[in-house]
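Working notes, beginning with the structure itself.
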Amino acid sequence: MAEQEGENPTAIDEPRKLEIPTRRVKNIMKLDKDINKVNSEALFLVASSTELFLQFLAEKSAHVTAEKKRKTITIDHIRVAAKRHRPTADFLLDSLPMPPRPIEQNPTIDRAKSRPDKKPVPFATRSIDAFFQKFT
């Protein structure tokens, strides 16, 4: 009967090829100190479920991107897709980076404007002159 439907009876025994490297998945699983050994079946299930989840998230993000008439998926599109799917939102939104805030006036920008003849000072650094001015 299986031959009549066009199914291959040996296909059940052959594992499907994964796109995600299983060695990396195994290393990630072993980061948990409670896990010493990882069974090959468990590794296959975790890797397969990871692939399915990533495929689902990519499809939902692509749908959001198409709704916004864009061609490139951004982190904002992934965030919207995760918010629309409640089970995903429960664990994923806390892990996604926050959207960028508008740029505020930064003191380093003011110093750069006061020194038009020199290169602007990189963020989180100060010139040697400013260091010695505090002590005099």
Side-chain angles (χ1 to χ4, degrees):
M1 184 168 163
E3 294 174 0
Q4 292 174 354
E5 295 175 9
E7 294 179 17
N8 187 356
T10 60
I12 296 172
D13 296 332
E14 297 174 13
R16 119 183 143 87
K17 180 150 174 26
L18 296 173
E19 297 290 326
I20 294 179
T22 55
R23 185 74 181 147
R24 188 168 289 178
V25 174
K26 186 175 185 177
N27 288 339
I28 292 171
M29 290 173 70
K30 283 188 165 185
L31 289 176
D32 187 356
K33 54 186 163 185
D34 295 334
I35 297 175
N36 294 329
K37 293 183 179 179
V38 178
N39 188 347
S40 62
E41 289 89 11
L43 178 63
F44 178 77
L45 288 174
V46 169
S48 295
S49 60
T50 302
E51 278 186 8
L52 290 173
F53 173 72
L54 289 175
Q55 181 181 3
F56 169 79
L57 188 61
E59 288 172 358
K60 294 298 182 183
S61 300
H63 184 68
V64 170
T65 305
E67 284 177 358
K68 296 190 179 208
K69 299 179 181 173
R70 301 284 182 199
K71 293 183 179 181
T72 305
I73 296 176
T74 64
I75 191 72
D76 295 330
H77 300 145
I78 296 172
R79 180 176 290 283
V80 170
K83 280 182 183 177
R84 289 182 182 173
H85 188 251
R86 186 66 186 166
T88 304
D90 289 341
F91 78 93
L92 187 63
L93 285 179
D94 294 337
S95 301
L96 290 173
M98 295 301 295
R101 289 185 257 161
I103 299 174
E104 299 174 7
Q105 283 292 350
N106 201 348
T108 58
I109 295 172
D110 294 337
R111 278 191 283 164
K113 288 180 182 177
S114 66
R115 303 172 53 180
D117 57 324
K118 297 181 181 179
K119 291 182 182 178
V121 178
F123 180 73
T125 60
R126 55 187 176 176
S127 67
I128 192 77
D129 296 329
F131 177 77
F132 286 113
Q133 285 177 358
K134 288 185 178 181
F135 295 109
T136 56

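The first residue in the sequence is number 1, and the count goes up from there.
If you take CG on Leu18 and CZ on Phe44, they are separated by 5.0 Å, rounding to the nearest 0.5 Å. Atom CG of Leu57 is separated from atom CG of Leu52 by 12.5 Å, given to the nearest 0.5 angstrom. Between the CD1 atom in Ile28 and the CD1 atom in Ile35 there is a gap of 11.5 Å [rounded to 0.5 Å]. For the atom pair OG1 of Thr88 and CZ of Arg86, the computed distance is 10.5 Å after rounding to the nearest 0.5 Å. Rounding to the nearest 0.5 Å places NZ of Lys26 at 13.0 Å from CG of Leu31. In this structure, CD in Glu19 is found 13.5 Å from OG1 in Thr50, a value given to the nearest 0.5 Å.
By the 4.5 Å heavy-atom criterion applied to side chains, Val64 and Lys60 are not counted as neighbours. Side-chain atoms of Asp76 and Lys68, non-hydrogen and from C-beta on, never get closer than 4.5 Å to each other.
Transitive grouping of hydrophobic side chains (ILVMFWY, heavy atoms separated by less than 4.5 Å) keeps Phe91 and Val80 in distinct clusters. If you chain together hydrophobic residues whose side chains sit under 4.5 Å apart, Leu96 and Ile73 fall into the same group.
The heavy-atom pair separating Ala89 from Ala82 by the smallest distance is CB-O, 3.1 Å. Shown here for Val25 and Ile20, the closest heavy-atom pair between the two residues is CG2-CG2, 3.4 Å. Pairing each heavy atom of Met29 with each of Val38, the nearest pair is CE-CG1, 3.7 Å. Contact record, Lys83 with Leu93: CG-CD1, 3.6 Å, taken as the closest heavy-atom pair.
For His63 and Glu67, the side-chain atoms include at least one donor-acceptor pair closer than 3.5 Å.
Without hydrogens or angle criteria, Arg79 side chain to Pro97 main chain gives a donor-acceptor distance under 3.5 Å.
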